[in-house]
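Working notes, structure below.
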Amino acid sequence: MAPIPTSNGIRSPNTFSPSLSISTVHSIPLSFSHSSSPSLSSALSLSFPISRRFRSLRFDSSKNPITKGLKVNCSVGGEPLKVMISGAPASGKGTQCEMIVQKYGLIHISTGDLLRAEVSSGTEIGNKAKEYMENGLLVPDEIVTAIVTSRLSRQDAKEKGWLLDGYPRSSSQAQSLERIKIRPDIYIVLHVPDEVLIDRCVGRRLDPVTGKIYHLKNFPPETEEINARLVTRADDTQEKVKSRLETYKKNAEAISSTYLDVLNKIDGNRPKEVVFEEIDSLLLQVQEDKVKMRKSNNLHGKATIENAMLSNMTSSSQDNWRGIPTRLNNIPHSREIRKYFYDDVLRATQRAVEDGRIRLKVEINIPELNPEMDVYRIGTLMELVRVLALSFADDGKHVKVCVQGSMGEGALAGMPLQLAGTRKILEFMDWGDYDAMGTFINIGSIGAKEVNEQDDIFILVAPQNAVGNCIIDDLKAMTDAAGSRPVIIVNPRLKDLPSSSGIMQTMGRDKRLEYAASFESSYSFRLLYYAGTQYPIMGALRMSYPYRYELYKRVDDPSGKEKYVILATFPQKPTVDEINDAFTGKPRNQEKAASGIWNFFSGLLG
Ligand code: AP5
């Protein structure tokens, strides 16, 4: 007989009432002192759980050094954690869920348990589900989805956060959640080799009294009395496990692709405490990110950002972003690829301007726009600028497109080579059929005198410091004159360059850097390579306002096709260490190895 799950989907012996939920947890707040997340101290509280449910639960937290006696309150300023856990049969989902629930107090919703409860109660749903479950097949979507969505919509799940275990199990189930805008903060996938899975299933035993999961070899019961009452799950035979495993593998990739932006793959073939330690550190990180977001949103007070960041939305699900185009090292890029990126930049920048942002920076380094590469095409940059300018002009704004002129004596003195001739190109470009040029769009250079009363918005083409000349003084004078009107700098290079004369600027270095940093990113995209090379592409980093930085890794699938998978997201531009850690699969906040091949990003991300 299967264990007796509750209608909450919790593998607990307490089957009596759905009200046996988290609402029975009482807590005594403690001050917070987690070594890896000191900044959480003000926003999170820990508490001793005194819970009817936990007192008789299968997991003995007092024996676990990690969760021992502590419970994290997950409702961070009214935004509780939303966690999905997935993995093959017997990968340890249930085992890890026990520990997560114990520490984080999330509402554990296990579809397997919910269904087994229906089966053992002999309900209509249970009778329908039984045959599928016994054959290791998926129960039809309409049955499972209805159960899950109704459970998720209950108040306790909204207040305390949820831990969804065993759902979604197919692409259509994932899409059902997407449609009703239910997304996790983090999607954890436990990976365990097939042969280990089979052994785990066949050796699994359940205690119908406490609901605790045992394994004949790995976690034998503590006493003879418990041993005598253990039961085996009906679907834990070798043959059925194989069929469950097949079903899992068929669906796994499609589901993961829905949650690429929050996906974290974890090696589940380690002692359960070690696996939990990794999950725990990820969850703490997610919480910390949420707290930071909330603080920063409070500062900015912008509803759009708040919504986007608090729900940990990434642009992939919100923004027509279909992922990184492949074969980006093939140049010139096709018109479609160029257009795809222009649209992406445009959407992000429009959102930022609509949100009242006034000092914006677009940084896009696809190969054609990467001035470090020999294919740098000023025409592509101009095309991008035209898309931006025409779009704002279409909205009735007077746009001034500015490119810096010579900054010294002589026609090209102090003029960065990449920009030579740019102004002429701008003047000769096709600016649309309705005579936008000269009316809604005007061309100028960089400086205060370019700012006229009728100008609504300024787009500055690649302002850059050149050896011996610093653009920042002119730029600052211009932004001062523009006041609260938006100034968008496209592919700026405002870092110090070595100067032979040593007299490069009037402002002090700190002030210059501070000024350059005052432009916030509305869009950022760059490909990542090994240091000193431009081939092969290792990954990419993308940010589209107001969403998070998304780190992608390029992989070649067995058919030889290249694709990009998202490794991690970050609220701020990640450091080289954070990128290295994500590429080497290290959980955040862990110590980094001294060095290695992945040190290749240094210098690229400044
Ligand atoms: P469900 O109950 O969800 O089964 P499952 O996904 O096959 O997962 P299991 O419960 O078997 O394993 P687990 O990963 O929780 O591992 P556990 O921690 O117990 O679903 C059952 C059925 O319901 C499905 O086949 C389907 O028919 C139906 N169903 C459910 N959801 C559905 C949906 N969304 N749509 C349609 N149908 C659905 O651990 C396993 C064993 O390993 C234990 O003995 C444990 O002690 C041991 N163990 C755990 N961790 C470790 C470790 N680190 N080291 C060593 N041993 C370990």
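It should be emphasised that the depicted structure is a prediction, and the values quoted were computed from it without experimental measurement. In each ligand, atom 1 is the first atom listed, and ligand 1 is the first ligand listed.
Heavy atoms from both the backbone and the side chain of Val139 come within less than 4.0 Å of ligand 1. Contact annotation for Thr95 and ligand 1: heavy atoms of both the backbone and the side chain come within less than 4.0 Å of the ligand. Only the side chain of Arg233 comes within 4.0 Å of ligand 1, judged by heavy-atom distances. Counting heavy atoms under 4.0 Å from ligand 1, residue Leu138 touches it through both backbone and side chain. Contact annotation for Gln173 and ligand 1: only side-chain heavy atoms (C-beta onward) come within less than 4.0 Å of the ligand.
The shortest N or O to N or O distance between Ile213 and ligand 1 is not under 3.5 Å. Ligand 1 has an N or O atom lying under 3.5 Å from an N or O atom of Gly92, backbone or side chain. Considering backbone and side-chain atoms alike, Asp236 places every N or O at 3.5 Å or more from each N or O of ligand 1. At under 3.5 Å, a nitrogen or oxygen of Arg204, whether backbone or side chain, sits near a nitrogen or oxygen of ligand 1. Polar contact with ligand 1: absent for Cys201 (N/O pair, distance under 3.5 Å). At under 3.5 Å, a nitrogen or oxygen of Thr111, whether backbone or side chain, sits near a nitrogen or oxygen of ligand 1. For Asp165, no nitrogen or oxygen atom sits less than 3.5 Å from a nitrogen or oxygen atom of ligand 1, counting backbone and side chain alike. Polar contact check, Gly166 against ligand 1: a nitrogen or oxygen pair lies under 3.5 Å apart. Looking at Leu137 next to ligand 1, an N or O pair under 3.5 Å apart turns up. Between Ser110 and ligand 1, not a single N/O pair is under 3.5 Å apart.
Near Gly94, the atoms of ligand 1 lying under 4.0 angstrom from a non-hydrogen atom of the residue are 13 (P), 15 (O), 18 (O). Those atoms of ligand 1 that come under 4.0 Å of a heavy atom in Tyr214, given as number and element, are 43 (C), 44 (O), 46 (O). Near Arg116, with a cut-off below 4.0 Å to any heavy atom, the atoms of ligand 1 are 2 (O), 21 (C). Those atoms of ligand 1 that come under 4.0 Å of a heavy atom in Arg244, given as number and element, are 4 (O), 5 (P), 7 (O), 9 (P), 11 (O), 25 (O). Taking every non-hydrogen atom of Ala90 and a distance limit under 4.0 Å, the qualifying atoms of ligand 1 come out as 8 (O), 9 (P), 11 (O), 12 (O), 13 (P), 14 (O), 16 (O), 40 (C). Those atoms of ligand 1 that come under 4.0 Å of a heavy atom in Lys272, given as number and element, are 53 (N).
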Exercise for the section: Take Asp267 and Val275, measure what side-chain contact (heavy atoms from CB on, under 4.5 Å) needs, and give me the verdict at the end. Expected result: CA-CA 7 Å; Asp267 176 5; Val275 176; over 6 Å; no
Practice task
Check step by step if side-chain contact (heavy atoms from CB on, under 4.5 Å) holds for Leu206 and Arg233.
Solution key: CA-CA 8 Å; Leu206 300 152; Arg233 247 169 65 172; 3.7 Å; yes
Exercise for the section: Start with the C-alpha distance between Tyr259 and Tyr187, add both sets of side-chain angles, then the distance that settles ring pair (Phe, Tyr, Trp, His ring centres under 6.0 Å), and finish with yes or no. Expected result: CA-CA 7 Å; Tyr259 301 116; Tyr187 181 68; 5.0 Å; yes
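Pairs of residues two or more places apart, or lying in two chains, that qualify as side-chain hydrogen bond (donor to acceptor under 3.5 Å, both in side chains) and include a residue from residues 126-145 are Asp141-Ser172, Asp141-Gln173, Thr145-Tyr167.
When Met133, Lys217, Arg169 are ranked by how near their heavy atoms come to atom 20 (O) of ligand 1, first place goes to Arg169. For the residues Ile143, Asn218, Asp141, Val241, the heavy atom positioned nearest atom 56 (N) of ligand 1 is part of Asn218. Across Arg200, Lys212, Lys130, Lys93, heavy-atom proximity to atom 50 (N) of ligand 1 is greatest for Arg200.
Asp236 and Arg244 are joined by a salt bridge, as a carboxylate oxygen and a charged side-chain nitrogen come within less than 4.0 angstrom of each other. Using a 4.0 Å cut-off between a side-chain N of Lys or Arg and a carboxylate O of Asp or Glu, Arg542 and Asp344 qualify as a salt bridge. Using a cut-off of 4.0 Å between Lys/Arg side-chain N and Asp/Glu carboxylate O, Asp199 and Arg204 are scored as not salt-bridged.
Residue contacts with ligand 1 do not include Gln96, since none of its heavy atoms lies under 4.0 Å from the ligand. Note on ligand 1: Gly203 sits outside its first shell, no heavy atom being nearer than 4.0 Å.
Looking at Tyr552 and Glu550, their side chains do bring a donor and an acceptor atom within 3.5 Å of each other. Remark: the His191 side chain and the Asn269 side chain contain no N/O donor-acceptor pair separated by less than 3.5 Å. In this structure, a donor-acceptor pair under 3.5 Å is absent between the side chains of Thr326 and Arg554.
Formation of a donor-acceptor pair under 3.5 Å by the Arg169 side chain with backbone atoms of Gly166 is found in this model. The closest donor-acceptor contact from the side chain of Gln96 to the backbone of Lys272 lies under 3.5 Å.
Lys265 meets the salt bridge (Lys or Arg N to Asp or Glu O under 4.0 Å) test with no other residue; sequence neighbours excluded.
Inter-residue side-chain proximity for Val83 and Asp185 is flagged as unmet; no heavy-atom pair is nearer than 4.5 Å.
Arg548 and Phe570 make their closest contact through CB-O, 3.2 Å (heavy atoms, listed as atom of the first residue, atom of the second, distance).
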